[in-house]
Amino acid sequence: MRIDKPIGTFLLLWPTLWALWFANSGHPQPFIVFIFVFGVFFMRAAGCVINDIADRKVDGKVKRTTQRPLATGEISTKQALILFLALIMASFALVLCLDGKTIALSVVALFLAALYPFMKRYTHLPQIFLGAAFGWAIPMVYMASTGSIPLEAWLLFIANICWVLAYDTMYAMVDYDDDLQVGIKSTAVLFGKYTALWIGVFQLLFLGLMAWLGLHDALGMYYFSGLFIALIFAVYHQWLLRGWVRERCFQAFLHNNVLGAVIFLGLFLDYAL
């Protein structure tokens with residue numbers, strides 16, 4: 001479940017919190033915040049489990065994943081499936097506390113979480129499916145908070161997909177050599193020597209959409225200061241990615257946790273102050 005590696009949970013949490021604050025003008029109901037925060041934890045864990053099930057035959061051939069429990073035989077596929085179902089049931093129990101339309105949307109979330117791990121066998125753009133899976137909490141938040149999914153929600157959803165394309169491509173750069181060897185597809189494999197350039201494009205699209213949302217909601221200094229700091233991080237990432245050094249690529253990926261947190265802090269302060 002990667003509880004010892006919470007970076008994925010945070011990368012899923014930040015856009016969920018952005019949506020909660022945008023949809024509720026900075027004052028979300030504590031009960032809804034509770035449901036979505038714990039839902040993030042359970043769904044990220046479930047996503048890790050189904051990912052390991054899908055990759056159980058190739059993880060042993062990739063340097064970064066050789067010690068995962070299914071790859072080493074420490075646990076069985078059946079045990080992993082039982083854990084996956086338990087996590088999904090826990091997530092569904094939470095969403096049952098919300099309205100019927102949000103419950104219906106949660107079915108899509110389950111489909112995306114289960115689909116993504118298998119996409120890297122069929123497309124060089126599995127990160128788009130990951131972005132959709134990581135961002136599906138956004139339309140769910142708006143539905144639970146406002147009873148509808150306005151254009152603002154879909155733009156935030158698209159912005160999140162752009163962000164995921166950027167940071168998960170950094171992650172794919174770490175596994176580039178191994179992915180080529182075992183036949184795993186990724187944006188890093190697709191873009192080749194232009195990978196860092198495309199990451200920059202996705203980051204600019206992400207920050208541009210986030211800026212539009214801030215203007216649309218008439219946000220001020222704190223929010224746009226957060227976006228400016230995020231832009232500095234994006235520029236720094238380009239410096240880290242030069243030369244395609246595995247350790248620096250992974251460092252750039254990890255920085256996205258702080259980038260997401262800075263944007264949320266600016267959003268929180270703008271509404272609070």
Side-chain angles (χ1 to χ4, degrees), residues 1-20 32-59 62 64-65 67-98 101-123 126-141 143-144 157 160-161 163-164 167-168 171-172 175 184 186 253 256-257 260:
M1 295 192 298
R2 314 275 205 283
I3 294 174
D4 59 325
K5 298 176 181 177
I7 177 68
T9 302
F10 286 120
L11 292 174
L12 181 53
L13 178 64
W14 297 128
T16 304
L17 291 176
W18 302 339
L20 282 163
I32 292 181
V33 174
F34 173 87
I35 288 174
F36 277 98
V37 167
F38 276 89
V40 161
F41 173 80
F42 287 127
M43 285 304 295
R44 188 263 177 163
C48 290
V49 175
I50 195 65
N51 182 77
D52 283 12
I53 292 172
D55 290 347
R56 65 191 184 280
K57 295 182 180 179
V58 299
D59 275 347
V62 178
R64 186 177 50 80
T65 60
Q67 296 306 308
R68 286 183 175 171
L70 280 167
T72 61
E74 184 179 350
I75 63 171
S76 68
T77 303
K78 180 180 178 181
Q79 289 172 315
L81 283 170
I82 291 171
L83 177 58
F84 173 71
L85 292 173
L87 291 165
I88 290 298
M89 289 172 64
S91 302
F92 193 61
L94 286 170
V95 83
L96 284 176
C97 300
L98 302 174
K101 291 181 180 179
T102 307
I103 294 171
L105 287 173
S106 72
V107 177
V108 180
L110 172 60
F111 173 75
L112 290 170
L115 182 67
Y116 158 69
F118 300 94
M119 287 298 99
K120 62 190 91 170
R121 281 132 176 99
Y122 303 105
T123 174
Q127 283 77 10
I128 291 179
F129 292 89
L130 179 65
F134 267 32
W136 195 251
I138 293 169
M140 289 179 64
V141 162
M143 182 62 74
F157 178 72
N160 183 66
I161 289 178
W163 186 40
V164 173
Y167 70 63
D168 203 61
Y171 196 61
D175 294 334
I184 294 294
S186 74
F253 163 74
N256 281 274
N257 178 31

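Residue indices begin at 1 and follow the sequence shown.
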Pairing residues for [X] by the side chain to side chain contact (heavy atoms under 4.5 Å, CB included) criterion, not counting sequence neighbours:
X	value
Leu17	Leu13, Trp14, Leu20, Trp21, Val37, Phe264
Ser91	Phe42, Met43
Thr77	Ile53, Arg56, Leu70, Leu81

Kindly compute the distance separating [atom1] ([X]) from [atom2] ([Y]), expressed to the nearest 0.5 Å.
X	Y	atom1	atom2	result
Met140	Ile32	CE	CD1	11.0 Å
Tyr167	Asn257	OH	CG	10.0 Å
Ile75	Asp52	CD1	CG	8.0 Å
Phe41	Leu87	CZ	CG	8.0 Å
Leu96	Ile103	CG	CD1	5.0 Å
Asp55	Lys57	CG	NZ	12.0 Å

Flag side-chain contact, heavy atom, 4.5 Å: [X] against [Y]:
X	Y	result
Pro15	Phe134	no
Phe253	Ile7	yes
Gln79	Leu83	no
Asn256	Phe10	no
Ile184	Asp175	no
Leu110	Phe92	no

For Leu12 against Thr16, the heavy-atom pair lying closest together: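 Smallest interatomic distance, heavy atoms only, reads O-OG1, 2.9 Å.
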To check you understand the geometry: which heavy-atom pair defines the closest contact between Leu94 and Gly39, and what is its length?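 Smallest interatomic distance, heavy atoms only, reads CD1-N, 3.6 Å.
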Donor-acceptor pair, distance only, cut-off 3.5 Å: does the side chain of Arg2 make one with the backbone of Arg44? no
Report the relative orientation of the aromatic rings in Trp163 and Trp18; use parallel for angles under 30°, tilted for 30 to 60°, perpendicular for over 60°.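 Aromatic pair Trp163/Trp18 classed tilted.
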